[in-house]
Each structure stands twice: as C-alpha cells, then as structure tokens.
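Structure, as structure tokens:
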There are 2 protein chains.
Amino acid sequence: MPVGNVNLVKLNAVKGIKIGITEAHVRYPNRKDLTVFEIIDGATTAVVTTQNQFYAAPVQLVREFVKTNSPRFLIINTGNANAGTGKDGLERAKATCQALAEKTGVNISQILPYSTGVIGEALPSDKIIAGLDDALANLTDDNWLNAARSIMTTDTTPKGHSKVVEIDGITYTVTGISKGAGMIRPNMATMLGFVATDAKIDKSLLQDILVKSVNKSFNRITVDGDTSTNDCCTLVATGQTGELIDSENHPHFAKIYEAIESVMLKIAQLIVRDGEGATKFITVKVSGGKTTDDCAKIAYSVAHSPLVKTAFFASDPNWGRILAAAGYAGIDFEQSKVSVSLDEIKICERGGLADGYTEELGQMVMKRPEITIAIELGQGQASDTVYTCDLSYEYVKINADYRS
Amino acid sequence: MPVGNVNLVKLNAVKGIKIGITEAHVRYPNRKDLTVFEIIDGATTAVVTTQNQFYAAPVQLVREFVKTNSPRFLIINTGNANAGTGKDGLERAKATCQALAEKTGVNISQILPYSTGVIGEALPSDKIIAGLDDALANLTDDNWLNAARSIMTTDTTPKGHSKVVEIDGITYTVTGISKGAGMIRPNMATMLGFVATDAKIDKSLLQDILVKSVNKSFNRITVDGDTSTNDCCTLVATGQTGELIDSENHPHFAKIYEAIESVMLKIAQLIVRDGEGATKFITVKVSGGKTTDDCAKIAYSVAHSPLVKTAFFASDPNWGRILAAAGYAGIDFEQSKVSVSLDEIKICERGGLADGYTEELGQMVMKRPEITIAIELGQGQASDTVYTCDLSYEYVKINADYRS
C-alpha cells in the first residue's frame, strides 16, 4: 500500500506526443508491457541517465542517439532490463530500434530504447518487435495514464502528474509519468521518467532545465540506496506553442521551469510513496551546513540507514540512530551545535536531549504516516532535502520473492 | 541463530590482565552488564575509535586519556551507549572513571571507559559506580569468556578467540573478545573489541599493529552499513614475556603480528556470523582493481546493497543485483572486462552471462550457508575482501523491536 494520497490528477495530453501501448509478453502474459511514444518532428529532447558503471544496453544507445539526432520515438518495455547482457544485449536493443525505424520511416538513431525489469537475462527482442504494429496502431494523445500503468514493474500504483500554466495568453501543458519502487537511489537520473511539454524550448536550455529539476526531484529520493542500471529521465519539448524560449531570461521561463520541476518532484515523490514495503513517507531536511553537497550527504546518510528506517517502521522515536547516521556521513561538524526535530517536536539540542522532550511526544510524531526530520547543523547557511520511506518486513519479502 | 561454527576455542588467560564482572542493572535486571579489566603496570595500550562525528562521550575520554597516560583499568558497560548525551554524558562518564580511580588509587586518566547499548539516554552512572566494588572483588585472570558474555547487547553468542605461539622458547598468548551484531560498518574501529597479549611491545609499534590488523579485520566487515557512535578496539601488550619487541625487524615480530591479526579477524568475522537476522555468511572478494581502495569500495557497495542481501536471504541467484551494486560504487571500470563467480561457479564473463552458467548451478551455490562472491575487474592488480551477511525479515524485526 503506498503512503498518503497517490491519486493522480488528470494527465493532460501534450500536443505533439502520441502514445501507443500493447501486450508483447516480454515476461508475463496478459499485461501491457510495451509502450511507444511518438514525438512530433521539430521537438527538442533532453535525457539524463544512470551513473551506474553497469549501465544497461539501452542506456548506452540512448546516450549515443540523443547526441546525434532528434528523437522521433521512444520505445519502452518492462519485464526485462537488458542489463548485464554484454554485446548480445546491445544487438538486441538495436534490433528493436531498427525494426521500429523501418516501420516508421525514420533513422534508427531517432529512436530511444528503454528497458526495465529483471537484470541479466536476454531481452526477447523478437517479442517486442512482434508487438510494434499493435502499439503503432493505437497511438493516441490520450494515453498518458495507460502509459503510466504499462511501465510499472514492482510498482503498486501508476505515477504521473500534470500542470497547466497560462502565460501572456499562451496555455502551456506539462505532463509526466514515472516508474520505480525499489533499487531506488537515482544518481543524475531516475528509474524511468518521461516528461513532456508543448512549450518550444532550445535544446541546450532544455538539458539545463532537466539537470536542474532532476537534481531537486529524482536525485533527491531514495528507497534502498541501490542505483539502477537503467535509470533514465527524458524531457521532451514539442514546440507546439510557437513562442521560442531560448534563455533563462525569457519572460515565460520561470513559470515553465517551475511547472516542470513541480511535475518532476511530484512523480519522484510518488516513487517514494510507493517504495517497496513503505509504510511511511519521510522528508529529511538538513540545514545550516557549509555546502549544499554536505547537507545532501548527511540527508542521504540518514535516509539510507537501515536502523533509522526500521525505527520509523516501528514508530520508535529512537532518535540516537538519526544522530549516528548523520555522524557517519563523512562530513565534519561539531556535534555540540546540532539540533534535530521530528515535525514540530524538537528532540535534540546542542548534541544532547532537548529540554522538554519526552518519549511520548516523540512517539506521537513517529506514528504519523508522513514525517519530516529536520537536522540543523549550525555550521553554515546551506540546506538540502531528501525524500525516503521506512524499511519494513514487506521490503524484504518483496525483494526476496521477486523473480520467483 | 549465528551462521556456521561459532563455538569458541578456550580463551587463554593473558598474564598481566585480570577481569571482574558484575550486575550493575544499567538497563536490565539479572544480567552481567559491567566489566572491569585490570592491566598490569608497565603494559602498553593502543586504541582505535569510531570515525562517527557523533562519537559518544566515553569515546572522547578514551581518546584523551590514552594519549596522556598508560591505562591501568578498562571499564565497560552495556545497556547504555552514553552517546548523543551532550555535556551531561561527558560528566557521567568522568564520574565513573573518577570513582574507579579513587577505589584503586590510580589517576583518572589511567582509566578508559567504554559504553554500548541504547543511544540518547542518560547513563545511570550511579548504578555503575555502585557496582564497582563487586567487580573489583572478583578480578581474576580466568574471566575472558565471562567478559565476552557480559559485553553482549543484541549479540546472540559470545565472541572471542585465542592463540598461543612459541618463538625461540618463549610462549606468547593472544586473546581477544568482541561484541556487535547490528549498526556494523566499523570505520577505523569495531563495535567493541578488546585484545591482549603478554608480549612486550613498544607503544608506537603496538599502535601500528592495531591499525594494520583492524584494517584487515574489523574494518572489513559490515552488517547494515551503519557505523556506531561507540566503536572502539583496544589492544594491550602486558609485557610479561620480557623480550622487548620494538620494531618490525625484531625476529619475533612477524609471528606475533600474525597471531594478533588472526585473532582480530576471527572475532570480527564472528560479529558478521552473528549479524542481526543473518542466515548466510558472505565473503566479497574484489580483485583486478587499480587500487586496494577501489576494490574495497566495490566490495562494500555489494556488501551493503539491500537488494543483494535480500537475494542471498532468498537463495536467489539474482546476480544482476551484484553487477548493479558493483556498478554504483563510484569507481570507473569497463563492464566488458568484468567477471563474477559465486564460489566455484562462474556466472558472469565480459560483463555478460558466462558460457555454461545455468540457473540451477547458481541456485545450488546460493543455498549454501557460506558463500564467496568473487568479482574480477580486469583493470589492475589490487584486491580486497569484505565480510557480510544477508538481510532477512529477522533483521527488520530485531531493529523494529529493539528498545521496546
């Protein structure tokens, strides 16, 4: 059961994007597992990918292709990650792109492939190729929610968000979907995220927007600290609104950026809310650090600690575990300047127990499904925030059972 | 249930060390929770302590005292870590040392205090002080096994080892004990380890020996990646054998070093075998790296991955998770040169599936209680080894229940 409100708003169509979906039987029967995005000619596309050295075969192609050409199609399969598959994996990924290129009359390098699922097994590229006709036959601009569903693996709920902003009489739409529930500590990318806007945005500016907004969203979430081999986040600007936005100084830039970042943050947080076995949604806010990077490291150290995560699962205000995890982040600080709060309750002051804190107050906060841990370091002015969930029996069960 | 053989050899007395134990009711009734070591005058002592910034109050005193004086007593309590306790915690730790100093006629700085247990609660120093008379009354050289028992917290089994070596007609004894089962990823120290030898060793050489052997033992184990606030490893050379060993060139050095390191490694591995909820003992060996540090980082990345650990718990040869964890260690390597084996079964070659590997072979190995993951990077000549355990329901249960 995901934590908190995971009902989706209506996922608005984005002019210039059509989506087709089918059952290709990649791993399981009777489920949609193949999704094709068609992107209108003239759109710009930006991508960030995993920093895992064992990046999957499709990730390698995405990196190559997006450099040399403007993507016209995205092809996404679940059930098989095509990672740890060596040269053969690369051939199979290429074969699916080649088949789609032939069917649509575009160049192979205009097709970006994405795979997610089990690692180390051969991609059944023949099945994917066999499914292409059907996916192409049902291309429609109204398929975002279905796509959110068809890219799920261990996810229990589809993830998407949509925003409409009006600026100077122009209506801009931003819609995005994501998937992921485990193996989540994206590093410069998420599991899989696809976000599109009908704005017309210069390609290099679009890349800046993506990197910046990913760093505030997908790169600030963690479920289990594992960084996937297949993480990719893709941002498409279809250019259907006419007005070219080519710099941060353009009068429309700020609002559009804000809409994109808020969609990203929402679909990133939905991944944490649906974290494998999650029962709590935890925000870890570190402030008063010397640098943002210091704050992020401490926040991640707390967010990754199995001892912190199991204490939250048990609603046990064992705050010493939070201090301990902050302390081993590898960042120098004076413990006597540190204070820690859980929501409105101050637990720790000057490195020791806060005046007036009682176990009952701690317990009261820990029982909530959504909790903010605020750590004030007292060493500087920087701050950063990371989102995570607790660690439950269910996490072990899901990951001990996955594949069987 | 600990993994594998955890029966202890006879823990030989070390001439110059006496140990007294009592029930001080620090947290629970009816259990030995206070241990006092008496060290003969003229001994040398070396200590390494946690790198956690939230080091506990006793750790601060150990660091100060060991610099200025030769320890004559160690005082160890379980049930309360005296960490995250600010200035008050420091006063309470000092009070216990002061009381013992007065009772024994030594200087306060000749007493090293150690605490382990729950973090963030006030140390009941009055109870500890009240227990000192009884602990001093039963000081004996034959108490090593009892001491191993009395320093346990969530440990299910006492941890100790002993070696006797004869060199040129002199019989040297090395005996050590340790405790720890969770919050285990020591960094320059273990949870708590106490090792003594009757050899006479120059103080600065003893420190070198300790640092070197800790780096091969306590600093190469991980249960959950959490580094404790209280980690300390203490090595005492009582000097009762007469012959002064003052350099690595001394003819007795090599054999004594080997005995110390092997005792350390044994009691470090016992911590992993007794890791909270552990059902498997896993050795992660990374070779073919450019530097030892690269290899250690990759080994730790694999050893920490919740996805790898749950796969081992499930006996699921989901080797893609091993690749993925190796890949996000932050170390550059070419995946096409990497091979991975589980015990004698080669799973991955040139970054892809190895010829002849079958799921059945993988399954066969994964069912074993002790498994070696060997990762050959093919980039250089360095290697390193880390020891860990799997992640089970039981780990979550223990850590969600601890304190209640």
Side-chain angles (χ1 to χ4, degrees), chain A residues 51-55 81 83-89 118-122 182-183 185 187 224-229 304-307 310-311 313-314 316 318-321 323-329 331-333 335-336 348 350-353 391-393 395-397 399-404, chain B residues 51-55 81 83-89 118-122 182-183 185 187 224-229 304-307 310-311 313-314 316 318-321 323-329 331-333 335-336 348 350-353 391-393 395-397 399-404:
Chain A
Q51 291 192 341
N52 195 308
Q53 290 288 317
F54 263 106
Y55 51 84
T85 47
K87 248 179 108 173
D88 176 66
V118 70
I119 299 177
E121 296 186 8
M183 202 182 264
R185 189 227 164 139
N187 201 349
D224 48 19
D226 277 78
T227 300
S228 150
T229 51
H304 284 152
S305 160
L307 288 171
T310 48
F313 171 54
D316 176 6
N318 192 335
W319 56 275
R321 294 181 179 178
L323 293 195
Y328 65 70
I331 305 301
D332 279 340
F333 59 78
Q335 51 173 285
S336 63
C348 166
R350 292 183 294 278
L353 206 63
L391 172 60
S392 67
Y393 300 120
Y395 176 87
V396 177
K397 187 167 156 45
N399 286 296
D401 286 355
Y402 184 48
R403 292 215 337 176
S404 53
Chain B
Q51 291 192 341
N52 194 309
Q53 290 288 318
F54 263 106
Y55 50 83
T85 47
K87 248 179 109 175
D88 176 65
V118 69
I119 300 177
E121 296 186 9
M183 203 182 262
R185 192 235 161 132
N187 201 348
D224 49 20
D226 277 77
T227 300
S228 150
T229 51
H304 283 152
S305 160
L307 288 170
T310 48
F313 170 54
D316 176 6
N318 192 336
W319 58 274
R321 294 182 181 179
L323 293 195
Y328 64 69
I331 305 300
D332 279 341
F333 60 78
Q335 53 173 283
S336 63
C348 166
R350 293 183 293 280
L353 208 62
L391 172 60
S392 67
Y393 300 120
Y395 176 86
V396 177
K397 188 165 154 45
N399 285 296
D401 287 354
Y402 184 49
R403 291 215 339 174
S404 53

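Side chains included, hydrogens not; waters and symmetry mates left out as well; all remaining heavy atoms used. Naming: A, B, ... by sequence-line order, numbering from 1 per chain.
Comparing B:Ser392, B:Gly89, B:Ala326 by how many heavy-atom pairs each has under 4.5 Å with chain A, the most go to B:Ser392. Ranked by heavy-atom pairs under 4.5 Å with chain A, the first of B:Gly352, B:Gly327, B:Gly86 is B:Gly327. Of the listed residues (A:Gln53, A:Arg350, A:Lys87), the greatest number of heavy-atom pairs within a distance under 4.5 Å of chain B belongs to A:Gln53. In terms of heavy-atom pairs under 4.5 Å with chain B, the best-connected choice from A:Gly84, A:Ala329, A:Ala81 is A:Gly84.
Contact record, A:Leu323 with B:Phe54: O-CD1, 3.1 Å, taken as the closest heavy-atom pair. Taking both residues in full, the closest heavy atoms of B:Gly320 and A:Ile119 are given as CA-CG2, 3.3 Å, listed atom of the first, atom of the second, then distance. A pairwise comparison of heavy atoms in A:Leu391 and B:Val396 identifies O-CG1, 3.8 Å as the closest pair.
For a residue to count as touching a neighbouring chain, one of its non-hydrogen atoms must lie under 4.5 Å from one of that chain's; by this rule A:Thr85 touches chain B with the backbone only. For A:Phe313, the part lying near chain B is the side chain, with the backbone staying farther off; criterion is any non-hydrogen pair under 4.5 Å. For A:Asp88, no part sits under 4.5 Å from any heavy atom of chain B, backbone or side chain.
Note that OG1 of A:Thr310 is 13.0 Å distant from NZ of B:Lys397, once rounded to the nearest 0.5 Å.
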